[in-house]
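Structure record follows, encoded as structure tokens.
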Amino acid sequence: MRPPSVDALARSLADLDLPHPLAVQAARDAIASGDPASARPRAVLLERRMLQRVVNATGVLLHTNLGRAPLDPAWLGASAGASNLELDLESGLRGSRSSHVAALMARACGAEAALVVNNGAAAVLVVLAALARGGTVAVSRGELVEIGGGFRIPEVLEASGAVLSEVGTTNRTRLADYRGALDRGAGMLLKVHQSNYRTVGFTESVGVSELSQLGAPLVVDAGSGLLDATTPWLPGAPPAWLAGEPAVRQTLAAGADLVTFSGDKLLGGPQAGFVVGRKELVDACARHPLARALRPGGLVLAVLQPVLLAYLRKDGRSIPFWRMATTPAEDLLRRAESLGVGTPVRCSAVAGGGSLPGLELASAGVALAGDWRAPLRRRRRPVIARVEQGRTVADLRSVDPSEDQEVAAALADVGQAHGRGASACSS
Ligand SMILES: *Cc1c(COP(=O)(O)O)cnc(C)c1O
């Protein structure tokens, strides 16, 4: 029998809603492999490899594989159509694309000025390139960290053209160590948040206010972007799990000249990076050619604006990350019970995104005996769950309540499809 023509096979996939060239690719690959019937699964695979909305039931609020901070759909509407991205509506002249959002950020964290770039790594890179300018930068050996995705402080320093002067030891660094580096010619101090790891035991490090006494420009890479340790955007006192996380406003007040951080960690916004602090230093970063190369698109700036307005309104409820992070575990348990599938269980969620390592948030979700992650992932709206102690847990701390029914349907389906029903297992 002759194999079907590529064209006929591609047309048989029309119901899949793939653009014709991709259907043709699946058909051609299937025929070339000698198995024309594989065209459909190949086409489905092409579809599944595209970006799509998923339900994050992992309990990791800032899951790097799932796009870190969840965005509010309402924020995305603001980015449609034309905008005054680089037009000053008063004068009719060309404006600066980042001035709108930068001014809001400066206000929200109490900085003289702010600069927005593509991500946190870019913020560190542009600061080092613009301010160290090939000179020597002192960093504690305890802070020469690697963040997820291969962001390594020594390598970023090298890429910027600066020279690293390692000070102190892995577990203990003292003020005298930094002073020694300055005596040997270092022109700048960089303090890096350890982010995804902790040194415990016999440790010592130097605080921002002490470092600022040394007189050299002090840059703090705070990483996660907690804007203010007093969390004025939340009702009541700051959550206990935030204790120990450095905050931007307090780091500036303690004497840092510049602070860098991400937009999509504890800030709860889209991928972006910020440089905030003394105006003449921020301006020097903004003038560097790298700032132009690393600038964010209008789409990102349009989404950052409602995030920052929410902070200025002290309205943490409208930021999905803070809403999810502060929902009482009892509310989550009640939601789990009302799903009517599997076993409601108490469990532990985490902030994720390299912030607050080792710190667990009391949480609740629904458990099914066995590992059902793969069928849950393969649904039209994939549900990403985790497995612990031989059961699949859909943790509701990272699920928006509007997605609860999606989770319930997914768990009911996998339970049924595998002939076990939603199996009970004790918590
Ligand atoms: C996460 C992090 C970065 C990198 O930020 P991205 O936005 O992921 O590029 C840099 N420094 C620290 C301390 C971090 O925690």
Side-chain angles (χ1 to χ4, degrees), residues 60-71 101 105 109 114-129 131-132 137 139-160 162 164 173 188-199 205 207-208 211 218-227 242 244-248 250-252 256 258-277 285 290-291 293-297 299-301 303-304 307 321 350-359:
V60 182
L61 286 168
L62 305 170
H63 199 304
T64 298
N65 298 2
L66 304 180
R68 287 206 188 142
L71 302 180
V101 159
M105 173 51 89
C109 69
L115 172 70
V116 197
V117 290
N118 179 62
N119 58 15
V124 178
L125 184 62
V126 76
V127 166
L128 291 171
L131 303 185
V137 178
V139 189
S140 162
R141 289 194 171 89
E143 298 172 1
L144 293 172
V145 295
E146 172 174 326
I147 320 286
F151 173 87
R152 302 174 124 189
I153 290 292
E155 290 173 6
V156 174
L157 243 143
E158 195 187 328
S160 78
L164 170 63
T173 301
M188 193 173 135
L189 305 174
L190 174 65
K191 184 167 176 64
V192 183
H193 182 27
Q194 290 181 332
S195 294
N196 46 12
Y197 92 108
R198 285 277 180 274
T199 33
S205 63
V208 172
L211 284 178
L218 171 60
V219 176
V220 177
D221 179 17
S224 63
L226 174 65
L227 282 194
L242 278 180
E245 183 67 17
V248 178
Q250 284 74 20
T251 303
L252 289 169
L258 288 180
V259 179
T260 58
F261 55 95
S262 291
D264 54 358
K265 295 184 183 170
L266 297 184
L267 187 70
Q271 181 191 304
F274 288 92
V275 178
V276 302
C285 293
L290 265 182
L294 299 172
R295 73 184 187 182
L299 204 59
V300 167
L301 294 169
V303 176
L304 279 169
V307 178
F321 168 76
V350 296
S355 41
L356 310 159
L359 211 136

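Bear in mind that the values here come from a model prediction, so they are computed numbers and not experimental data. One-based numbering, in listed order, for ligands and for the atoms of each. When a residue number appears, it is its place in the shown sequence, counting from 1.
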Could you go through the side chain to side chain contact (heavy atoms under 4.5 Å, CB included) check for Met105 and Leu304 one step at a time? CA-CA 9 Å; Met105 173 51 89; Leu304 279 169; over 6 Å; no
Around Glu158, counting heavy atoms of other residues, nucleotides and ligands shown, do more than 12 lie under 6.0 Å from its CD? no
Anything with a heavy atom under 4.0 Å from ligand 1 counts, so go ahead and list those protein residues by chain and number. Arg68, Asn119, Gly120, Ala121, Ile147, Phe151, His193, Ser195, Asp221, Gly223, Ser262, Lys265
At what distance, to the nearest 0.5 angstrom, does CG of Asp264 lie from OG of Ser224? 11.0 Å
What one should report as the nearest heavy-atom pair of Met188 and Val127 is CE-CG1, 4.2 Å
Glu143 and side-chain hydrogen bond (donor to acceptor under 3.5 Å, both in side chains): which single residue from Lys191, Gln194, His193 fits? Lys191
Exactly one candidate in Leu190, Asp221, Val219, Val145 meets side chain to side chain contact (heavy atoms under 4.5 Å, CB included) with Val139; the answer is Leu190
